[in-house]
Amino acid sequence: MCGIGLLLTYSTASDTDNSSTIHNALHRDVYQSWNESLSKALASRGPDVPCQQCQFDGRGCNSSADNATADGGGGGDGWRDEWSLTLHASVLHMRGLEAQKQPLVFSVLSDGVDNNDCALCWNGECYTYQNGDEDDGTIVELSVEDNTSSTDGSKDEAANTSDTLLVKRLISESITTSRQSNFNDATSEHEAVANAIGRIHGEFSFLLFVRSSTQLEGDEHSRQQECVYYGRDCLGRRSLLGNRPLDGVVVLSSVALEMDSCSDIGWEELPPGIVYRMNVCTGEVTSMAMPRVVNNDIGTMISSIVPTPSPSEYNRNTMDNAAKGLLQLLDKAIQRRVMHSPLPKSQSSSDASVAVLFSGGIDSVVLAALCHRHVPPHQTIDLINVSFYDKVNHSTTSASPDRLAAIHSYNEMTERWPERKWRFTAVDVAYEEVLRVEKHLLLLIRPLDSTMDFNIATAFWFAARGKGKIVRREEAKQLVVELESQGGMQGDTSFSREPLLRFAKKQHSDTSKDKEGHSPKQSRQTCIREGCTRPAPSDGCVFNACKFCCGKLQGPISKFLGKSARCCPVHNHDEAATPSGKKKIRHSPSTVATDPSINAITTSAAKILLSGVGADEQMAGYGRHRSTFLRGGYTALKGELRMEVRRLWTRNLGRDDRCLSDHGKEARFPYLDEDVVAYLEALPLELKCDMNQPQGIGDKLILRSVAKMIGVHECSSLVKRAIQFGSRIAKVSDKSRFGSQRQATGQAKHITSNLRDDCLRS
């Protein structure tokens, strides 16, 4: 993994024009300043090889660069006499015996002469690639140790070779073949680069400079082929931003950077699955879609699972086979992402090379359990859980749903696989610390700027840092015993009375369903308030309303009493919710599991971070998916899920990559492995979820079946909470900015907290 960037600037032609001279001087000063800023911004992503630069200069021609954009388009007339292009790359060493410096300069053979300068900046991983033509090429698996061996009998290609060198070879061979048959044809070369990149299976973004193959003396058009190719993988799992901050300046970068010389920021996420080609001389940008590598085994699996024609209702055997198929592909996806993981620099046996971002929910628990299969048995696996608290209000970091769920799941995993050294790291973050890095986090999430994006990014950034206290097995077990003795985790209740940790509701079976999957019972479970389609609890709300409407209905009563009514035992977790009339006491895990006198602060050394991003969007894991189903059945839900997967690149993945990689670590997304995505996309929706079942059962039904197959049961009934709510960052952040979480809106533009200056002074 690397931080990659490009800075291209043009200067005007007229040396006699005084304004042009001043303009050029300004460009030179700005160019030097931005080169320094770009190197600094990329440095944290690649700490193993400090940021290197590679510069190319040349003379241009009649140009349309005035209005060209980084993601295509252009127009207008102009004249660019000189251009200067600098490539930047910092390297995080993840594969190969030695770190490969970048930008990687190489030559492409053309017309029998090896004199064509190219430079590659590669940010990502190549797990497999297609060797040969699209139709009859074989898939080369680089992640499996015994599958690919070098000719001299040494260890396999993946273990010995940086994938930067492999990608360079694929590109070089493809361009050489194209030039031998279509010499100097820009379209053919563009297609050759797109085909080479499209053969790669993995998370990546790239920049590729290619100098023209012919340089005829006196021919002003001889450098028309000097160009830059750039793009992201088909899902956009690695960040790549574009910007044109000033006329005659183009910036491409893994992260946004401060540009003090101009007020218009203008950063944009580049769409995934497209190889762009920018003619350096003219500024013209063209695009070409990457061909996708198709795994024919996916279609065979689907055909063997789903009967033809599709029945109105699938039997238990079909659903089990669907879960087994997902387990097989997800297991392979994780194997690809943890094999050949780099050992920590400390070489300590207690330090892990792989970490799981561990919320305790089903997504992360399944990742950790499958990770156990492929990480060498003597190595530690880090389970990192993050929780936020506000010192001002004397709240405790332990009052976090994700912390309680994670400890509960951690206990089950240590009992299920006692031979593995699991290291649970409790990352406790005071809101004061968030405010100290607020400006930096706002820069990382650009071009996004909402409160929700800031909160999610904050949780990921501190989790990736991995600085926290280790919770030992004995401490975690003691904690669960104390929680259960207080009724905090009642595994077989419809909803745990501890409001922080919710298990699935029980529901009597009802086999009568219409063709859209609705059951007659659903009409009786809908909120009583007119116009509301949310489900209402069937076991206790005094208004027979959903939580939101229940609060609204209590409003007039509260106004009449002059205080909060709190009269619903289901939606108000207070004295009314306990038969004894005594208020429940929330136990504080920090007194047991994170006592500073017991646990020293440690920082995870793992470079690989496994994230569960993508599971909810593909298997209907969010509460909004249930609302969509209630409005329009499976037809509406299918369209919603398809839309959410297609917008992941702009809503989630770029932001998550920038935040998780800021600590010199690499995020990997097994649920977004190409084969896993293709399988889930082809599988009928009714085999992935059953929205007639309650939360914690019907959502992500197929993944819950996978969890039970591999031996983890407790987490399989936990109800989903988004990371900003489960970690409590939304609660402390929204209270600081909006006064309360109820008044906050996630889509509002993030407002800098009034407490920030006080925290910085302290």
Side-chain angles (χ1 to χ4, degrees), residues 4 6 68-74 87 104 106 108-110 116 118-140 163-213 224-240 242 252 269-280 282-295 646 649 674 677-678:
I4 61 175
L6 172 151
T69 61
D71 60 349
L87 293 172
L104 176 60
F106 62 99
V108 175
L109 184 66
S110 179
N116 300 278
C118 301
L120 172 67
C121 294
W122 174 256
N123 170 29
E125 300 295 332
C126 174
Y127 303 121
T128 72
Y129 66 93
Q130 189 175 43
N131 189 19
D133 297 332
E134 183 177 349
D135 296 329
D136 57 358
T138 58
I139 302 296
V140 179
D163 54 1
T164 305
L165 296 175
L166 171 62
V167 173
K168 185 264 294 186
R169 175 170 65 81
L170 295 176
I171 292 173
S172 180
E173 290 173 354
S174 188
I175 293 179
T176 298
T177 301
S178 172
R179 287 184 173 178
Q180 287 174 345
S181 54
N182 301 285
F183 185 72
N184 232 16
D185 183 351
T187 302
S188 297
E189 184 178 277
H190 193 172
E191 185 176 355
V193 174
N195 287 337
I197 296 297
R199 292 158 58 189
I200 297 170
H201 181 143
E203 305 107 342
F204 63 82
S205 61
F206 77 98
L207 302 170
L208 174 68
F209 174 81
V210 180
R211 190 179 287 278
S212 62
S213 57
Q224 287 296 304
Q225 295 300 310
E226 290 177 320
C227 59
V228 174
Y229 296 97
Y230 52 97
R232 305 165 69 185
D233 66 71
C234 61
L235 291 171
R237 291 161 291 184
R238 290 288 174 263
S239 171
L240 189 60
L252 300 172
E269 295 266 12
L270 297 182
I274 299 173
V275 174
Y276 294 98
R277 178 185 185 274
M278 178 168 56
N279 188 313
V280 175
T282 67
E284 179 187 7
V285 177
T286 56
S287 62
M288 185 175 294
M290 296 178 194
R292 292 200 179 188
V293 177
V294 178
N295 186 344
R646 291 178 178 175
W649 66 272
E674 286 88 339
V677 172

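Side-chain contact between Arg179 and Glu189: present, with at least one pair of heavy atoms (C-beta onward) separated by less than 4.5 Å. Here the side chains of Phe204 and Asn123 are not in contact, with every heavy-atom distance at 4.5 Å or above.
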Original post:
Under the side chain to side chain contact (heavy atoms under 4.5 Å, CB included) criterion, do Val193 and Tyr230 qualify, and how do the steps go?
Top reply: CA-CA 10 Å; Val193 174; Tyr230 52 97; over 6 Å; no
Original post:
Please walk me through it: do Leu208 and Ile171 pass side chain to side chain contact (heavy atoms under 4.5 Å, CB included)?
Top reply: CA-CA 10 Å; Leu208 174 68; Ile171 292 173; 3.7 Å; yes
Subject >> Criterion side chain to side chain contact (heavy atoms under 4.5 Å, CB included) on Leu120 and Phe106, from CA distance to verdict >> reply: CA-CA 8 Å; Leu120 172 67; Phe106 62 99; 3.9 Å; yes
**OP:** Begin from the C-alpha positions of His190 and Tyr229 and carry the test ring-ring contact (aromatic ring centres under 6.0 Å, His included) through to its verdict.
**Re:** CA-CA 8 Å; His190 193 172; Tyr229 296 97; 5.5 Å; yes
**OP:** Could you please spell out the steps behind the side chain to side chain contact (heavy atoms under 4.5 Å, CB included) verdict for Arg277 and Met288?
**Re:** CA-CA 8 Å; Arg277 178 185 185 274; Met288 185 175 294; over 6 Å; no
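Pro271 and Tyr276 get closest at one heavy-atom pair: CD-OH, 3.3 Å. A pairwise comparison of heavy atoms in Cys234 and Glu674 identifies SG-CG, 4.1 Å as the closest pair. Taking every heavy atom of both residues into account, Val228 and Phe209 meet most closely at CG2-CD1, 4.0 Å. Closest approach of Asp163 to Gly124, counting heavy atoms only: OD2-O, 3.4 Å. The minimum heavy-atom distance linking Cys118 with Val108 is given by the pair SG-CG2, 3.6 Å. Closest of all the heavy-atom pairs between Cys227 and Val280 is CA-CG2, 3.7 Å.
If you take SG on Cys126 and NE2 on His201, they are separated by 9.5 Å, rounding to the nearest 0.5 Å. With rounding to the nearest 0.5 angstrom, the CD1 atom of Ile4 is 9.0 Å from the OG atom of Ser239. Distance check, rounded to the nearest 0.5 Å: CD1 of Ile200 to CG of Leu166 gives 7.0 Å. Distance check: Leu87 CG to Leu252 CG gives 9.5 Å after rounding to the nearest 0.5 Å. In this structure, Leu6 CG and Cys121 SG are separated by 8.0 Å, a value rounded to the nearest 0.5 Å. Separating the CD atom in Glu191 from the CD1 atom in Ile175 is a distance of 12.5 Å, to the nearest 0.5 Å.
Listed by chain and residue number, Arg237 satisfy the salt bridge (Lys or Arg N to Asp or Glu O under 4.0 Å) test with Asp233 (two or more places apart in sequence, or in another chain). Glu203 is linked by a side chain to side chain donor-acceptor pair (under 3.5 Å) to Tyr127, Arg337, counting only residues two or more places apart in sequence or in another chain. In this structure Phe206 satisfies the ring-ring contact (aromatic ring centres under 6.0 Å, His included) test with no other residue, sequence neighbours excluded. With sequence neighbours left out, the side-chain contact (heavy atoms from CB on, under 4.5 Å) criterion links Ala192 to Ser174, Ser178.
Between the Arg232 side chain and the Pro272 main chain, no donor and acceptor come within less than 3.5 Å of each other. Checking side-chain atoms of Thr176 against main-chain N and O of Ser172 turns up a donor-acceptor pair under 3.5 Å.
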